[in-house]
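Below: the structure, in structure tokens.
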Protein chains: 2
Amino acid sequence: MSERPSTPVHVTLDVVARRAGVSLATASRALNGTTRVREDLRRRVRAAADLLGYIPNAHAQALASASNNTVGLICHDVGDPYFAAIAGGVMRAAAEQDLLVMLASTFREPAREIAYVSTLRAQRARAILLIGSGFQDRAWERALAAELEPYLRAGGRVAVVSRHRTLRVDAVLPENRAGAAALAQALLALGHREFAVLSGPPELTTVTDRLAGFREGLAQGGITLGPDRVVHGAFTREGGHAAARELLARSTGPTCVFAVTDVMAVGALAAFREAGVQVPQDISLAGFDDIPLVRELTPPLTTVALPLTAMGQEVIALALREPRGPRSRVLRVGGEVVLRASTAPPATPLTGRTS
Amino acid sequence: MSERPSTPVHVTLDVVARRAGVSLATASRALNGTTRVREDLRRRVRAAADLLGYIPNAHAQALASASNNTVGLICHDVGDPYFAAIAGGVMRAAAEQDLLVMLASTFREPAREIAYVSTLRAQRARAILLIGSGFQDRAWERALAAELEPYLRAGGRVAVVSRHRTLRVDAVLPENRAGAAALAQALLALGHREFAVLSGPPELTTVTDRLAGFREGLAQGGITLGPDRVVHGAFTREGGHAAARELLARSTGPTCVFAVTDVMAVGALAAFREAGVQVPQDISLAGFDDIPLVRELTPPLTTVALPLTAMGQEVIALALREPRGPRSRVLRVGGEVVLRASTAPPATPLTGRTS
DNA sequence: CTCCTCTGGGAAAACGCTTTCAGAAAGCGC
DNA sequence: GCGCTTTCTGAAAGCGTTTTCCCAGAGGAG
């Protein structure tokens with residue numbers, strides 16, 4: 001019967017070698033070009049390989065040579081434009097260096113993150129890239145560090161983007177504080193005095209940094225942010241939407257709102273629109289990140305622009321750069337305040353009014 | 001000196017086995033749970049493995065067991081929100097099934113696509129997922145098919161999303177024609193009679209399908225689309241932008257524009273804004289796909305909504321579904337016309353006027 | 001012509017696991 | 001007590017490469 005496949009599933013190197021009339025060893029050397037092989041033999045092997053459609057088994061190669069050209073990329077959710085943009089940069093750089101990227105989305109579950117690190121360790125990935133804010137939960141971060149530490153010792157490379165430095169690894173860090181501070185100043189310069197912040201989960205380091213920076217910037221203008229002016233929400237469009245609604249419900253009357261993330265700002269914009277609050281006439285809105293589509297919004301969103309694609313390219317370069325000295329390297333990338341139409345001077349110039 | 005690492009880099013299974021006082025075989029069985037192992041031995045092995053921080057070598061496992069739980073995902077560019085959304089769905093499904101996803105971005109170069117298929121073959125990926133329109137270039141498609149065919153014969157699974165059926169593989173196909181036709185009808189119903197299309201590269205099948213569908217829909221209303229009313233551009237925001245400018249330059253005065261892709265529509269919207277053309281007052285604009293942010297635009301974009309995340313989940317399910325009968329399966333997903341504020345009745349009701 | 005150094009090729013030993021194949025131990029009916 | 005299953009365990013044979021290690025032969029020097 002045709003039950004049992006008579007043809008072996010994959011062409012292996014020794015078939016190629018036999019066909020070319022050389023030994024297995026020579027065939028391997030001919031194809032990899034590590035050692036000199038007589039030119040005619042090399043050609044015979046190549047011809048046989050092509051003829052037979054030989055595809056080397058990457059697992060066998062990795063096992064035998066203990067080498068590997070895959071890197072792991074762990075982010076919260078590739079579907080999110082922020083991560084997608086960074087991932088795009090990583091892919092670009094990976095393609096140039098013939099690296100294969102194993103992608104992992106944690107969907108914001110710390111346990112999944114750790115599990116993925118473990119999986120990538122098992123895959124003997126050359127590098128593990130962690131994109132995005134870590135979890136403030138001490139226990140998880142420790143567990144992660146414990147998982148990463150033996151990997152590093154075994155020669156693995158780890159680099160992070162936008163993640164707090166609890167881990168001693170190379171990092172691409174946006175200037176969250178400075179960027180938020182600069183934004184605050186720009187908003188002050190527009191004449192705003194009454195601010196509110198749509199903040200993300202307070203356990204994310206990115207959030208605390210941006211919040212702190214924003215406060216610093218405001219402080220330069222003598223403004224402080226009352227606790228009733230900070231609303232926390234999830235790091236998503238819906239989170240921003242809900243936070244904005246909550247803010248409106250409190251009706252403390254800020255003239256300017258800073259959403260710590262563009263994605264949240266998008267949700268906030270929708271919430272404002274639904275509530276009949278006009279941006280920027282009634283309220284100014286600013287975000288952070290400059291993800292691809294926010295400049296297309298109406299009004300286009302004022303934000304702090306981060307070079308997301310470049311950050312993706314940098315993080316992989318950083319991870320793979322050879323002289324991994326004793327100390328970890330940090331590449332700080334500046335955020336540039338981009339004033340767009342979502343921010344404008346406040347409607348009523350509040351000259352020296354005390355709330 | 002401390003030159004040579006005295007500690008072996010990785011803990012291997014036989015170290016674990018020795019530590020637990022059992023044989024290599026038993027240790028393997030204890031950890032994998034394939035065969036019954038006496039409970040106390042199993043516990044000893046587990047304890048030893050945990051103590052030593054044992055991480056199995058996935059390559060060795062794959063080699064020895066000829067199994068593998070990785071799938072490859074090939075798309076044009078993960079940075080593009082369209083692909084990002086689908087990839088997000090794939091990741092979700094993959095996480096649930098403990099599959100590791102190897103991601104590849106072709107950056108729209110056919111050669112790279114084929115190279116990636118080859119790489120994924122070498123990795124012995126369980127499945128290869130191709131997302132996005134194929135290349136019309138016959139030679140490339142043939143080369144791709146030639147690369148895929150032995151993979152399929154070797155038991156590999158291939159599934160595509162939104163890719164023309166030159167390949168005999170499982171597919172998730174959006175109803176491009178029907179969706180575009182429905183959109184055309186909806187636009188006709190608004191009262192439009194003068195249309196234009198911002199089309200993508202004519203060699204992409206998605207483009208031709210949507211264009212044909214749109215024409216069909218218009219034909220129902222007795223409208224035909226002159227060649228001067230179709231502008232081709234790249235499948236990107238910039239492509240849409242350029243195409244829209246070109247259209248305006250031709251000044252043939254359509255009241256309604258259909259961009260075959262939301263991403264292009266976004267570019268068009270920007271171009272219109274720059275040119276002082278108001279949407280929808282001066283011109284109505286519609287897209288296709290319903291990528292995440294277009295509902296947030298002002299005006300929110302009328303489009304044909306595709307369940308992108310679900311499509312990603314479906315394609316991986318399709319690829320892995322067991323009874324791969326002789327014929328390939330096709331999952332058609334409908335596009336739903338979503339009328340938003342970017343379309344409105346034309347300013348001047350053109351009652352029966354002939355251009 | 002012999003000895004020595006190179007070059008290049010083949011045999012075989014890893015690489016770290018899974019899995020087959022027996023064999024030992026234990027339980028059971030008679 | 002004896003044979004017969006049943007369970008488990010261990011030895012060893014792969015899986016498909018790379019990479020020693022070693023040897024044959026070629027070429028040069030003396």
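Naming: A, B, ... by sequence-line order, numbering from 1 per chain.
Although no hydrogens or angles enter the test, the distance criterion places a donor-acceptor pair under 3.5 Å between the side chain of Y151(B) and the main chain of A125(B). With D14(A) contributing its side chain and L24(A) its backbone, the two residues share no donor-acceptor pair below 3.5 Å.
Of the candidate nucleotides dG10(C), dC17(C), dG10(D), dG10(D) has the atom lying nearest to any side-chain atom of T26(B). Checking dG10(C), dT18(C), dT19(D) against every side-chain atom of S28(A), the shortest atom distance belongs to dT19(D). For R38(A), whose side chain is taken as the heavy atoms from C-beta onward, the closest listed nucleotide among dT18(C), dT17(D), dG8(C) is dG8(C). Across dT19(C), dG9(C), dT18(D), the shortest atom-to-atom separation from the side chain of S65(B) is found for dT19(C). Closest contact between the side chain of L13(B) and the listed nucleotides dT18(C), dT17(D), dT9(D) involves dT18(C).
Contact between the side-chain N/O atoms of N32(A) and the OP1/OP2 oxygens of dT18(D) is found at a separation under 4.0 Å.
Atom CD1 of I131(A) and atom CZ of R163(A) lie 10.0 Å apart (nearest 0.5 Å). To the nearest 0.5 angstrom, L120(B) atom CG is 9.0 Å from Y116(B) atom OH. To the nearest 0.5 angstrom, I55(A) atom CD1 is 13.0 Å from T12(A) atom OG1.
Take the nearest nucleotide of DNA chain D for I55(A) and for G21(B): the residue whose nucleotide is more 5' is G21(B).
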Show me the protein contacts with nucleotides 22-27 of chain C, counting only N or O atoms at under 3.5 Å.
none

Please list, for nucleotides 20-28 of chain D, all pairs of protein and nucleotide N/O atoms separated by less than 3.5 Å.
{"residue": "dT20(D)", "atom": "O4", "partner": "R29(A)", "partner atom": "NH1", "Å": "3.3"}

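Among the protein residues, L41(B) comes within range of the sugar-phosphate backbone only, with heavy atoms under 4.0 Å from sugar or phosphate atoms but none that close to a base.
Taking atom CG of residue L31(A) and atom P of nucleotide dT18(D), one finds them 8 Å apart after rounding to whole Å.
Around atom CZ of R108(B), more than 12 heavy atoms belonging to other residues, nucleotides or ligands sit under 6.0 Å away.
Of the residues R42(B), R38(B), R43(B), the one that meets the salt bridge (charged side-chain N to carboxylate O under 4.0 Å, His left out) test with D40(B) is R38(B).
The aromatic rings of H59(B) and H59(A) lie tilted to each other, with the angle between the two planes from 30° to 60°.
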